[in-house]
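All remarks here apply to the structure that follows.
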Amino acid sequence: MLSVENLGIQFGGLKAVSGVNYSVTPGAVNAVIGPNGAGKSTFFNLISGFYQPTSGRITFGGEDVTRMPAHKMATRGVARTFQTTSLFKELPILDNVLQGHRLRMRSGIWDAILRTPRLRSEEREARERAAFALDFVGLSPRDPRPVGMLTQEAQKRVSIAIALATDPKLVLLDEPAAGINPDETEGLVRLIRKMVDQGYTVCLIEHKMNMIMNISDHIMVLHHGQKIAEGAPREIQGNPAVIEAYLGGGHRA
Amino acid sequence: MHNSAQNGGQTGSSGQGALQVQDVTVRYGEFVALRNVSLTVNPGEIVVLLGANGAGKSTLFRTISGLQRPVSGTISYNGENITGRDAAEVIGRGVAQCAEGRMLFPELSIQKNLILGAFIHRRDKNGVNRGLEEVYELFPILRDKRHDAAGSMSGGQQQMLAIGRALMARPQLLLLDEPSLGLAPLVVEQVLEVTRRINATGTSVLLAEQNAYAALQIAHRGYVMENGALTLEGSQAALLGNDAVRSAYIGV
Amino acid sequence: QQVVNIGFSGPLSGGAAFYGQNVQSGIDMAIKEINKAGGVKVGNEKVTFNLVSLDDKYLPNETATNTRRLLQQNNAPFVFIPHAGGILTVQGFNQRNPEFLVVAYSSEPKIVESGNKLTFMLPPLYTMYHEPFVKTTMQAHGKKLGVIPTTSAYGKAWTDTLTAEWKKQGGTVGANNGVDYNTTTDYSAAVTKTLAEKPDVLFIGGPSQPTALVIKAAREQGFKGGFIVMDQAKFEEMDQIVPVSQMEGAVGVLPLRDFRGPAAQKFVAAYRAQYKKEPTSEMALNYMGVHALAKAMELAGTTKDVAAIRAKLPDALKAMPKDKNVYNSTGVDESGHMIAQRIMGQVKGGRITQLTSTQR
Amino acid sequence: MRPGVVITALALFAALLIPVITKNGYYLDVLIMAFIWSIAASGLNVLLGYTGLLSLAHAAFFGIGAYTVGILMLKHGWSFWLAWPTATALTTVLGFLLGLVAFRTRGDAFAIFTLAVGVIVTQVIARWEHLTGGRDGLNGVPQPGKVGPIDFSEQSVFYYLALGALVATLYVIYSVVKAPVGRAFVAVRSNEDLARASGIDTFAHKQRALMLSTAIAGLAGGLYATYLGFLGPAASAVTVTFTLLLYVIVGGAATLAGPVIGAFLLVVLAQLLQASQEYQHLILGPLLVVLVLFFPHGLMGLWQKATRRFNRPAPAPAVIATSQEAERAQR
Amino acid sequence: MTLFLQQLFNGIALGSVYSLVALGLTLVFGVLKIPNFAHGALYMAGAYVTYALLTIVGIPYLLAIAIAALVLALMGVVLERLVFHPLRDRSHVQAMIAAIGVLFFLEASAQKLFGAEFRMMPTPYGGVVNLMGVTVTTQRLLVIGASLLVMIVLFLFLKRTVTGATIEAMAQNRAGAQLVGINTNRVSMLTFAISAALAAIAAALIAPIALVSPTMGEVINTKVFAIIILGGMGSIPGAIVGGFLLALVETFTTAYINADFADIIGFAVLVIVLAIRPTGLFSKGT
Ligand SMILES: Nc1ncnc2c1ncn2[C@@H]1O[C@H](COP(=O)(O)OP(=O)(O)OP(=O)(O)O)[C@@H](O)[C@H]1O
Ligand SMILES: Nc1ncnc2c1ncn2[C@@H]1O[C@H](COP(=O)(O)OP(=O)(O)OP(=O)(O)O)[C@@H](O)[C@H]1O
Ligand SMILES: CC(C)C[C@H](N)C(=O)O
Ligand SMILES: [Mg+2]
Ligand SMILES: [Mg+2]
């Protein structure tokens, strides 16, 4: 699975992430928490290839992927969602999810013009995959509306479906429960559980502590770009450094 | 649970700093961002607006400030209808906003940011200078860095500047949109403390927060917004005691 | 009673609009004159003319479309075109069905070299100016030539042949510092560079007004020598921009108004009265072109058979009324080129005077 | 059957019949030029409409295509049928090379970068006299030779060649945009970061879109050269790109028919306005403003609104990010 | 050496005009994010208004420039209201197309009103001074002096006055400007007014050297776009530095290579700069 050594990135003078050593536990829900600006999203950006680290090493499945660009990371099996729901807004659900399978296709312009058998078989496969992903998250492929018009909750599901359509091994979810109500959060928790049950590894950033405590198998806490704690939910909840930095003095969990 | 503004200073909705939002609906294109939202801020109150990311808090704030036009509903301030007025006019009446994303002028100096905050009082030079003094009093760090570009400061300092700039308009009602965003817990406490002090001088405050626990500590009343609609309202104590609120916004 | 449409496709908007309008006005004037006189008699019929002008913005593809429109919608047997690109383009189809006569106002040699049988070329070849221009200025000022003409296709062609002539007569030629007279904002940089070579004579020219500015810049920077002015620029337009005194020592085309001969004087007076501006050879040659065509129709006895009309052109120029023959043309040569007197001028002693007359 | 399909079939049928009905060289000329401009505008649409990238060097590729055909036929005696594909291949390769550098920039910077490239190409054409004839241009580019009994120098026959090229171009674009590769173009336009996160090699897809678009520009340029017979540097000028851009926007970007409708409308309009002479730009200018103000998605936008059924992507709303989006992207 | 100095002087004179025109364009881009392709047409209109005031009304040169600046400011406002304000939230391409429409209209109007011919703008500053072998014409001195003066006044206005600060504020954060009570509509109009006035002043200053014609704006248009891209879109120092840089590249190319290559090298410099620094010289890093 994915692991990082001494990972760091600097923006100008700001060390957004520094000296992080961490391994994702396969087949589990791995949570990353920490105060605003702690570097959580930056950490995701690093391990998904969006940012190039200024120090350290990233390996995935035994391969050194330290400077690999984002689209290649996706091909290796690292899929992600964004903190602010990010979709192909003017496209309908199915087209959104079909984009997620593009990385598994080889057909290009000539296949399109000549309508090669490869194109047709890939297209069929993509549709099957999209149907599977949509079914997994509980959405219908037939909704013709642009996804920008769907509810927040449905949009979150679409973004997860896009990620699933890429055939990932590891799925990074950046605040998937932000912007949805407690009931919907329940649904999301069930969805994430189902993902893990089906063999996906999930890495998750969340501020909703009840959700985190209830769903995660393992938690890492970032603060000022550094890892200040790591462990099972129980340990983290009781960790004085975490309470001090994140949960807050007044927090009674 | 219903309105029980026990701590809310003087009641009555037409005194200074009184805001009444009635049945406001806002759309972005075909997306409905706010659905029939009604809310009140009484003079002298701190009212907190809780809600997750994308619930519509900022949209409501933008609408009150005149940056966004509602498709229906009315907003009145001190008994006067201000629905759909220009932002410049709204602030001219005493409603200032410290907006999400801070909305600073990053390349201008801190002092210039503050002076622009007092844009509506620009002819009153003495008043502007007095305002500057007050803000510097409140946030001494801003005085030290007053010639630096706003964008060069750390997030927390920028947040102070954003609040300071809103105060320069000498508002009777201050809209604070997630002032704790991106701030370390310690700074959050500081900001909330300042909010309390501003309120103590008679300014009403409408405060949007995700950091519900901390916000509720200083609020008199609060509302909960979900998916563009208000789903709960109540006093500080009532909200703190509510299970749904605790599970959704505080964590158990 | 028949009305024959005469086509014109030239720049009427954009940077070259002024030039296009000048040409157009010469054609227009001749047509009005003929019509006012009751038209011409072709066979047994009275024929009058109607000008159909289309804007081509100096773009060859627009010229082609315009020309097809003039042929199909207006049945025009003649199309006047004042730029080489457009002319060369329509020469690609003017000998096919329907046939039409291209009336070319451009002195680009390729136009007649191609051997197109249905082309009537109005201006004289510019190469006729070279020998006398070079001789005069080299004698008066010295053997070193500075080169700073416009970089249009026409300007380049002029430059090549003129500098060759200058060398042939034993002079030396500086670097080509040509600039695009249509787009340059400030000529001083190019002038400074040219003057650094300490030339005795400057070869300049493009549209009249920028040409005058180049003279102005050269004089400001202390240039004392003479100028060879390309025939595109007209003294009578340049003196609107700079005083004649600054143009001292320049050779170029004699202004039409100084051309001796009754036809020219009559034309100048009539043109000024009608169009409230100074006529130049552009107007005059196109004016002659229309009169020549009218005469050729008369002689050929047809308004449709353009080959026959073309065949009668040499006779037509000889037979045409003397008071319309502004440049005393004596005919049209084999290749379709009008043979006319164009008198050269020079600025001497603060006045524009005749240089020498040559015939082609 | 969808109304769009019916209308397309009718339009194609009418287009096939026209040379049978009229031999008027002017009408055919206007239509042939409209076909050629439609092809070029469709190429621009691949990039601008579907992929969201504005290249202002489009006419430069049109010009390069035209000059390639012109030079090969005129100076080297090549057959059109060989020169034409060569020109198209060359513009494709040059598109690839442009992309290598240009895709370092984004948004407005990309547009202006390509603007500068366009200006340079025109200037080079105007100055490389030895090759291009410089400002004199190239004269006498031959017409396509005979193929069997078919004589392409016959205007009405050439008409079918131009029409065929347009139909083929539209078929290619149609096939591409509904295939995975073209869907990925749209993904790049819609949300480049998400596209990357979903494993789409956005650079490679931008390259493909650019190459397809420059190939089409070269194709159109080749037709132009052989049809007109004369080439000047003006054919590659940036003003030509702007004209093509007008066709795309007025007709409707990111739609198959938009650029064609725009080209036909404006080419015909320009001919009608010729009658009004000096007033043509006085009318055309304000007309453009009105079109943009009131038909933001072009004429096809109107059509889609009328026949809206959510199963097709809406036309590209904002091709270069609007100010708000740009601001957001910076944060 | 003299050649060098002479070309330096030529370059600075030309650069002041480029900078002035580019400043107007970059201001509008910075504040409104509109690439105003009609900017060159405003420049042209400014020249004609000055020309008309001088020759038809008979007003002295400097006064004519001032009045022309005011007239153009008004035109700028009208343009903003009628065309660009309604398009403010649309894509740039649409604003560009609309601007091209405006350009067509203004050029055609100029041709209709004044004819297509080049016109010479008279100036009272026809003198020539010789400094160390360098020819210094009074008009060029005026161009440099007046441009510098205008730039300084503009700078002081932007930096020292509250109204000026509103322009900068809006450029940096439109919503932020609205929030502090700045009437952004008014600032938009003001920006367009200043932009058009700057173009008019530049045109009126250079016209006695360069002639007046309906298409005079087309050439400058491409150049000033190149300049503001070179300098960084919306950057004020970028416009100034870019303007002088392009003018100097042009004059020195003319001087040491070939005049005919001035344009090509100017744009090549742009391409190279952008290839290395995609966002221009003075932009903040992305
Ligand atoms: N591209 C960038 N350039 C400069 N600074 C950046 C960049 N991306 C992130 N940062 C800075 O790095 C720090 C960490 O940001 P990050 O987005 O990772 O925080 P986070 O932990 O995800 O916070 P939140 O919970 O608010 O999402 C912040 O100070 C942020 O401003
Ligand atoms: N300009 C806009 N155009 C379209 N949709 C928008 C726009 N601004 C906001 N939205 C959408 O409206 C909804 C409400 O957004 P809003 O910013 O008001 O939420 P919020 O409660 O302030 O959230 P946060 O906690 O993230 O600040 C979100 O779904 C958002 O995506
Ligand atoms: C000066 C003119 C006679 C040149 C002409 N316009 C041409 O294109 O050749
Ligand atoms: Mg984050
Ligand atoms: Mg918000």
Side-chain angles (χ1 to χ4, degrees), chain B residues 28-29 58 61-62 64-68 85-109 111-125 128 131 149-152 158 161-162 164-171 174-175 177, chain E residues 26-27 29-33 81 85-86 88-91 154-191 231-240 279-286:
Chain B
Y28 295 114
S58 302
F61 277 33
R62 291 167 52 80
I64 296 171
S65 275
L67 296 178
Q68 185 71 47
R85 296 294 166 86
D86 275 348
E89 202 182 328
V90 174
I91 191 176
R93 283 167 196 250
V95 182
Q97 184 182 168
C98 167
E100 181 180 43
R102 304 189 189 120
M103 305 277 170
L104 297 173
F105 310 122
E107 287 161 57
L108 299 184
S109 70
Q111 180 135 325
K112 208 166 226 178
N113 267 276
L114 290 173
I115 290 173
L116 280 172
F119 182 76
I120 50 164
H121 304 300
R122 63 192 173 283
R123 306 215 195 289
D124 174 13
K125 290 264 183 305
V128 174
S152 73
Q158 286 190 25
L161 176 57
R165 191 182 71 180
L167 290 176
M168 290 296 290
R170 292 179 234 147
L174 181 61
L175 310 177
D177 194 353
Chain E
T26 215
L27 266 182
F29 187 85
V31 173
L32 303 158
K33 309 285 180 279
R81 280 296 97 182
H85 183 73
R88 67 195 175 285
D89 291 331
R90 302 262 201 91
S91 94
L154 179 70
F155 184 82
L156 290 179
F157 169 73
L158 290 176
K159 297 291 170 192
R160 294 287 150 79
T161 68
V162 176
T163 316
T166 60
I167 292 184
E168 288 208 288
M170 190 169 151
Q172 291 173 28
N173 195 321
R174 188 189 179 112
Q178 288 181 311
L179 276 175
V180 299
I182 294 170
N183 184 331
T184 47
N185 282 338
R186 212 172 292 160
V187 178
S188 301
M189 289 189 267
L190 179 67
T191 310
M233 305 279 279
S235 158
I236 287 175
I240 295 174
T279 48
L281 293 173
F282 280 78
S283 61
K284 291 115 257 160
T286 35

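Residue numbering restarts at 1 for every chain, and letters A, B, ... go by the order of the sequence lines.
Checked by atom type and distance alone, the side chain of Gln172(E) pairs as donor or acceptor with a backbone atom of Glu107(B) at under 3.5 Å. At least one donor-acceptor pair closer than 3.5 Å links the side chain of Lys112(B) to the backbone N or O of Lys159(E).
The side-chain heavy atoms of Asn173(E) and Leu104(B), taken from C-beta on, include no pair separated by under 4.5 Å.
Rounding to the nearest 0.5 Å places CZ of Arg122(B) at 8.5 Å from OG1 of Thr166(E). Interatomic distance, CD of Gln97(B) versus CD of Gln178(E), reported as 11.0 Å (0.5 Å rounding).
Nearest heavy atom pair, residue Leu179(E) against residue Ala99(B), reads CD1-CB, 3.2 Å. When all heavy atoms are compared, the tightest approach of Ile91(B) to Gly181(E) is CG2-CA, 3.2 Å. Between Met103(B) and Ala175(E), the shortest heavy-atom contact is SD-CB, 3.6 Å.
Residue Arg81(E) places its CZ atom among more than 12 non-hydrogen atoms of other residues, nucleotides or ligands, all under 6.0 Å distant.
When each of Asn183(E), Ile182(E), Thr184(E) is checked for heavy-atom pairs under 4.5 Å with chain B, Ile182(E) comes out on top. Contact tally against chain E (heavy-atom pairs below 4.5 Å) for Ser65(B), Ala87(B), Pro106(B): the top residue is Pro106(B).
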